[in-house]
Engineer: 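My questions all concern the structure below.
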Amino acid sequence: SQTIHQWPATLVQPVGSPLSLECTVEGTSNPNLYWYRQAAGRGLQLLFYSVGIGQISSEVPQNLSASRPQDRQFILSSKKLLLSDSGFYLCAWNIGGLAQHFGDGTRLSIL
Amino acid sequence: QQQVKQSPQSLIVQKGGISIINCAYENTAFDYFPWYQQFPGKGPALLIAIRPDVSEKKEGRFTISFNKSAKQFSLHIMDSQPGDSATYFCAASIDRGSTLGRLYFGRGTQLTVWP
């Protein structure tokens with residue numbers, strides 16, 4: 001069966017520090033991968049998606065970047081965090097146009 | 001532009017009652033409509049999904065009703081329970097003939113079921 005892992009579960013970072021969040025998927029090949037951000041009590045904002053290794057599409061220009069160094073690995077990064085980067089970050093995967101499956105997210109707090 | 005519009009934003013229902021959440025879309029190319037359930041601190045989990053070639057799909061206490069001509073679909077939770085208290089998201093995507101399953105989400109409905 002397929003599983004998705006995100007880590008860390010929670011993270012507290014100072015303003016201006018770098019960020020690296022990792023997501024890996026097991027049990028499937030060549031998945032589409034997605035990064036979302038969810039503000040407290042709000043909806044899901046799509047940040048990046050990838051259809052293959054090295055292929056990244058950005059939905060919202062901002063302080064973040066994404067990379068896909070391996071087929072089932074998706075990384076969200078920032079060189080310098082801003083206060084506005086706080087939120088709940090979710091990774092998801094799917095095959096084709098079917099339902100996406102989400103990880104349990106990373107709660108990021110910027111101080 | 002919000003591709004999928006969801007209402008209400010919040011909903012309070014008594015235990016045993018029926019919870020109804022509505023969604024509407026504009027893009028007639030959408031052909032896959034999933035609903036997600038999210039508990040605090042967790043990622044959304046797929047609850048139930050429907051394609052536009054059927055008007056209703058039922059799984060246990062959860063039913064999706066789909067009106068293709070009106071471009072609307074809704075989630076009905078029968079015999080609502082306190083454990084159903086969560087945030088619910090509707091979504092839509094273009095599945096057939098698509099290699100990218102980008103989902104367009106509604107803004108979510110926070111459901112509270114009182115015991």
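Letters go in sequence order (proteins before strands), and every chain restarts at 1.
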Engineer: Just so I know, are the side chains of Ser93(B) and Asn94(A) near enough to count as touching, which here means a heavy-atom distance under 4.5 Å?
Structural biologist: no
Engineer: Non-hydrogen contacts under 4.5 angstrom with chain B: give the residues of residues 2-30 of chain A involved, or none if there are none.
Structural biologist: none
Engineer: For the CD atom of Gln100(A) and the CZ atom of Phe105(B), what is their distance to the nearest 0.5 Å?
Structural biologist: 5.5 Å
Engineer: What distance separates Arg102(B) CZ from Glu59(A) CD, expressed to the nearest 0.5 Å?
Structural biologist: 4.0 Å
Engineer: Identify which part of Gln38(B) has an atom lying under 4.5 Å from any heavy atom of chain A, answering side chain, backbone, both or neither.
Structural biologist: side chain
Engineer: If you take all heavy atoms of Leu90(A) and Pro44(B), which pair is closest and at what distance?
Structural biologist: CD1-CD, 3.8 Å
Engineer: Please confirm whether the backbone N or O of Ala99(A) pairs with a side-chain atom of Tyr36(B), one donor and one acceptor, at under 3.5 Å?
Structural biologist: no
Engineer: Is Phe66(B) reachable from Phe62(B) through a run of hydrophobic residues whose side-chain heavy atoms are each under 4.5 Å from the next?
Structural biologist: yes
Engineer: Group every Ile, Leu, Val, Met, Phe, Trp and Tyr by side-chain heavy-atom contacts under 4.5 Å, then state whether Tyr25(B) and Tyr104(B) land in the same group.
Structural biologist: yes
Engineer: Report whether Ile20(B) and Val13(B) are members of the same hydrophobic cluster (ILVMFWY, side-chain heavy atoms less than 4.5 Å apart, transitive linking).
Structural biologist: no
Engineer: Can you confirm whether Gln45(A) is buried at CD, in the sense that more than 12 heavy atoms of other residues, nucleotides or ligands lie under 6.0 Å from that atom?
Structural biologist: yes
Engineer: Please say whether more than 12 non-hydrogen atoms of neighbouring residues, nucleotides or ligands are located less than 6.0 Å from CD in Gln81(B).
Structural biologist: yes
Engineer: Nearest 0.5 Å, what's the CG-OH distance between Leu103(B) and Tyr49(A)?
Structural biologist: 12.5 Å
Engineer: Looking at Ala49(B), Gly41(B), Pro40(B), which one has more heavy-atom pairs under 4.5 Å with chain A than the rest?
Structural biologist: Gly41(B)
Engineer: Are there over 12 heavy-atom neighbours, none belonging to Glu26(B), within less than 6.0 Å of that residue's CD?
Structural biologist: no
Engineer: Do Ile75(A) and Phe48(A) belong to the same hydrophobic cluster, where Ile, Leu, Val, Met, Phe, Trp and Tyr are linked whenever their side-chain heavy atoms lie under 4.5 Å apart, directly or via other members?
Structural biologist: no
Engineer: Is there a path from Ile94(B) to Val54(B) through hydrophobic residues (I, L, V, M, F, W, Y) whose side chains come within less than 4.5 Å of each other?
Structural biologist: yes
Engineer: Can you confirm whether more than 12 heavy atoms, excluding those of Glu59(B), are under 6.0 Å from its CD atom?
Structural biologist: yes
